[in-house]
Q: 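Structure in structure tokens, see below.
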Amino acid sequence: MVKKDFISISDHDARTINHLIRQAYNLKAQARAGKKHELLQGESLAMIFDKPSTRTRVSFDVAMYELGGHAINITAGECGLGTRESVPDVARTLSRFCDAIMVRTFGHDIALGLAEHATVPVINGLTDLLHPCQAMADALTMYEITGDLKGVRLTYIGDANNVTNSLINLADKTGLDITVCAPKGYTPDEKILGGQFTLISDPVAAVKKADFIYTDVWASMGQEKLAAQKNKAFKDYQVNSQLLKKAPKNVKIMHCLPAHRGLEITDEVIDHPEKSIVFEQAENRLHAQKAILVYLLK
Ligand code: CP
Ligand code: NVA
């Protein structure tokens, strides 16, 4: 049997992605009802973190535990991915101990290299290019509200980054109608992406018909030195109360977190009692990842 990986949403067909969203929905309902679903009894997941994490680390760990398995956290400093030991050798070694590998790192080629040389499934827990597990949790979050993602209007405002790229891939598989609103020089690279998006540079025009408004940090992990330059470039792209007034009444606010409050989003928007769904998104990492793990390992 050919092993499956979860490196990019674009590697999977629409049927699989939509099945994973429904499966995540069902697993969440089971968890809410107190029903056990120990589908991965005795299985182990190795997690390599080359960048910080709260949601990805804890949700994968709890997901494995609730599925009856076990997760092992390895920081990059410990395993020296590509420095102490080559990426292929780490992949081959972890494949002998564990049933799957999750990696969070900088270069996308590192995740691809692990997938190529591992004999067990490899999951992308964020690279500079993509964040597919986040987009799957976001899909579940929007699906819970709309019941169908086809034609749902998602406006992403800010830096076109790993999260944006995976949301564009998601739109391609689900029929989401995605608009990206970013200043010149910070728009998605059309060459590397599977999927269509509308590009609008004016935030007011971009949110006019939005069902969901999504933003993320302007300077991603590893871009700390660019922060001053990017804060300047994005100053007119903040998601704030003024912008919210230009959006439809029922619009929901999304952010993958962690947020840089006061930069890409203001406190009153991210803490908005009816409109903000950012902590539903965070929780849904757990349920979406369970669906991905079960799909890869069963
Ligand atoms: N959204 C997300 O991936 O959060 P962490 O960086 O805390 O894992
Ligand atoms: N774009 C952000 C996402 C964090 C979850 C980053 O890469 O830092």
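Both counts, for ligands and for their atoms, begin at 1 and track the order of listing. Keep in mind the model is a prediction, meaning the values are calculated, not measured.
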Q: Which atoms form the tightest heavy-atom contact between A291 and A24, and what is the distance?
A: CB-N, 3.7 Å
Q: Is there at least one pair of N or O atoms, one from D216 and one from ligand 2, spaced under 3.5 Å apart?
A: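 N/O-N/O distance below 3.5 Å exists for this pair.
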Q: Side chain or backbone, does L257 bring an N or O within less than 3.5 Å of an N or O on ligand 1?
A: yes
Q: Applying the side-chain contact (heavy atoms from CB on, under 4.5 Å) criterion to I48, which one of L94, T105, I72, T75 satisfies it?
A: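 Of the listed options, the one satisfying the test is L94.
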Q: Under a 4.0 angstrom heavy-atom cut-off, which atoms of ligand 2 come close to L126?
A: 3 (C), 4 (C), 5 (C), 7 (O)
Q: For ligand 2, which is the ligand I care about here, please tell me if N161 has any N or O atom under 3.5 Å from one of the ligand's N or O atoms.
A: yes
Q: What protein heavy atom sits nearest atom 8 (O) of ligand 2, and how far off is it?
A: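 Checked against all protein heavy atoms, atom 8 (O) of ligand 2 sits closest to M221 N, 2.8 Å.
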Q: Students should be able to answer this: which protein heavy-atom is nearest to atom 6 (O) of ligand 1, and at what distance?
A: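 Result for atom 6 (O) of ligand 1: R104 NH1, 2.7 Å.
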Q: At under 4.0 Å between heavy atoms, which part of K51 makes contact with ligand 1: side chain, backbone, both or neither?
A: neither
Q: Hey, does K246 have a side-chain heavy atom less than 4.5 Å from the side chain of K208?
A: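 The answer is no, as the side chains (C-beta and beyond) never meet within the 4.5 Å cut-off.
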Q: Starting from atom 2 (C) of ligand 1, what is the nearest protein heavy atom, named by residue and atom, and what distance separates them?
A: R285 NH1, 3.3 Å
Q: With heavy-atom distances below 4.5 Å as the criterion, would you say the side chains of T56 and M102 are in contact?
A: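 T56 reaches M102 side chain to side chain.
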Q: For the backbone of V62 and the side chain of E66, can you confirm whether one donor and one acceptor N or O come within less than 3.5 Å of each other?
A: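 Not confirmed, E66 side chain does not pair with V62 backbone.
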Q: Any N or O on N162 sitting closer than 3.5 Å to an N or O of ligand 2?
A: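 By distance alone, the answer is yes.
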Q: Quick one: look up the protein heavy atom nearest atom 4 (O) of ligand 1 and list residue, atom name and how far away it is.
A: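 Scanning the protein heavy atoms, the shortest distance from atom 4 (O) of ligand 1 goes to R55 NE, 2.8 Å.
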Q: Between the side chain of T164 and the main-chain N/O of D159, is any donor-acceptor distance below 3.5 Å?
A: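 Yes, because the side chain of T164 sits within donor-acceptor range (under 3.5 Å) of the backbone of D159.
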Q: Within a distance under 4.0 Å of any heavy atom of H131, pick out the atoms of ligand 1 and give their elements.
A: 2 (C), 3 (O)
Q: Is ligand 2 under 4.0 Å from a heavy atom in the side chain of L257, in the backbone, in both, or in neither?
A: backbone
Q: Any nitrogen or oxygen of P258 lying under 3.5 Å from a nitrogen or oxygen in ligand 1? Just yes or no.
A: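 Not met; the criterion fails.
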Q: Do I157 and L243 have side chains that approach each other closer than 4.5 Å (heavy atoms only, starting at C-beta)?
A: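 Yes; the side chains approach each other to less than 4.5 Å.
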Q: Using a strict threshold of under 4.0 Å (side-chain N to carboxylate O), is an ion pair present between K51 and D128?
A: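 Yes, D128 and K51 are salt-bridged.
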Q: Any Lys/Arg nitrogen of K245 or E268 sitting under 4.0 Å from an Asp/Glu carboxylate oxygen of the other?
A: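 Judged by the 4.0 Å cut-off on N to carboxylate O distance, K245 and E268 do not form a salt bridge.
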Q: Where does L126 meet ligand 1, judged by heavy-atom distances below 4.0 Å: at the side chain, the backbone, both, or neither?
A: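 Within the 4.0 Å criterion, L126 makes no contact with ligand 1.
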Q: With atoms numbered from 1 as shown, which atoms in ligand 1 lie under 4.0 angstrom from a non-hydrogen atom of C256?
A: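 Heavy-atom distances to C256 below 4.0 Å select 1 (N).
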Q: Would you say T54 and ligand 1 have an N/O pair spaced under 3.5 Å apart?
A: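 Yes: some nitrogen or oxygen of T54 is under 3.5 Å from one in ligand 1.
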Q: Between N26 and Q30, does any side-chain donor sit less than 3.5 Å from a side-chain acceptor?
A: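 Judged by distance alone, the side chains do not pair up.
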